[in-house]
> 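I'd like to ask some things about the structure below.
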Amino acid sequence: MSKKRVFSGIQPTGQIHLGNYLGAVKNWVDSQDDYENIFCVVNSHAITTTQNPQELREKTFELAGMLLACGIDVKKSNLFIQSEIDEHPALSWILDCNISMGEMNRMTQFKDKSLKNSKNVNVGLFNYPALMAADILLYQTDGVPVGEDQKQHLELARNVAIKFNRDFGECFKIPEPMIPKVGARVMGLDDPDTKMSKSAKGANHAIFLLDTPEEILRKIKKAATDSQTAIVFDENRAGLYNLLSIYQIFTHQSKDEIEKDFEGKGYGEFKIALADVVIEALRPIRQEYVRLNAEKGYIAKILAEGADKVRPIARETYQKAKELIGLI
Ligand code: AQP
């Protein structure tokens with residue numbers, strides 16, 4: 001039996017942080033043997049917010065290098081750059097014409113990002129979910145491993161695919177969300193009420209995968225908690241809950257085991273234990289990233305090969321959508 005296909009993407013808007021890693025990338029890596037995998041650096045999504053062109057180019061390759069360093073194995077997965085396959089924006093246009101303003105207006109990420117980027121609220125930012133739907137639907141995707149913040153966009157992708165298939169004929173597979181049970185929404189260390197984000201400004205907001213051990217320890221020590229003392233999983237204590245969830249993912253322990261280990265101990269001791277676990281988990285990724293970057297041209301070659309492999313799938317789906325809708 002052939003394997004189910006997964007597709008997912010990540011924006012080159014900055015360094016990968018623990019939220020991106022635990023909510024998405026780690027799951028891509030861990031389940032590579034179980035699926036046919038297509039992963040994408042979604043640089044066209046990145047230009048929905050202001051980017052410096054030269055920096056965007058550099059960040060695109062850096063991010064691809066980070067994904068390889070995290071364990072994306074090109075023998076098992078295809079990795080490519082979104083802008084290298086023209087069918088993404090082309091299908092996005094067809095989908096745009098099949099999504100109602102009402103549905104698009106409900107997207108909460110647009111509202112959040114418009115507030116954050118109030119000087120550049122552009123049409124592309126509004127249409128972001130249509131491009132994301134095109135990314136997914138082009139590859140006849142079975143599953144989409146993403147963090148919880150993308151759940152609403154995925155629902156829109158499913159809705160437009162169902163509507164298109166019904167109105168014009170069978171064209172797209174209906175994708176299922178694959179959202180992890182733990183780590184689906186890692187919160188900012190400085191503010192546990194907002195999700196950890198690449199573009200947030202605070203110096204202690206996010207742990208980045210390339211942070212040094214000293215930076216990781218400093219950020220975790222400064223992480224916002226509360227005035228209580230017991231180290232227990234309590235969702236009402238958002239700061240501690242966030243830190244404990246990160247600890248749980250890396251140690252693979254149950255909640256009971258963790259609470260027992262820290263019984264009678266304070267925040268200080270827990271934070272040092274957490275920092276140790278995070279530092280050790282990220283150490284090989286950092287080392288591999290340095291090694292990969294020394295091999296000039298390697299990352300660009302991997303990305304070009306990845307695009308060549310998946311382009312025929314995108315072309316076939318786009319051609320079918322075009323014909324069904326009468327665009328010839
Ligand atoms: N805090 C998070 N917790 C869990 N998962 C997260 N993801 C993002 N933040 C968290 C997941 O990471 C994948 C890639 O995200 P993205 O780069 O496409 O865009 P984003 O969701 O907008 O991520 P950021 O970090 O917040 O970027 P900026 O600041 O540029 O907007 C997705 O699967 C996402 O769910």
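For ligands, and for the atoms within them, numbers begin at 1 and follow the listed sequence. For this chain, numbers begin at 1 and follow the sequence in order. The shown structure was predicted, so the numbers you read here are calculated from the model rather than taken from an experiment.
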> Are any non-hydrogen side-chain atoms of L303 and F61 less than 4.5 angstrom apart?
yes
> List the residues meeting salt bridge (Lys or Arg N to Asp or Glu O under 4.0 Å) with E288, not counting sequence neighbours, and say none if there are none.
R291
> If we only count heavy atoms from C-beta on, is the D234 to Y241 side-chain gap below 4.5 Å?
no
> Any idea which residues sit under 4.0 Å from ligand 1, heavy-atom distances?
G9, I10, Q11, T13, H17, G19, N20, G23, A24, K113, V146, G147, D149, Q150, G183, A184, R185, V186, K195, M196, S197, K198, S199
> I want to check something: taking the side chain as every heavy atom from C-beta on, are H153 and V146 in contact at a cut-off of under 4.5 Å?
no
> Can you check whether D261 reaches Q253 side chain to side chain, under 4.5 Å on heavy atoms?
yes
> Do the rings of Y139 and H88 sit parallel, tilted or perpendicular, given the 30° and 60° boundaries?
tilted
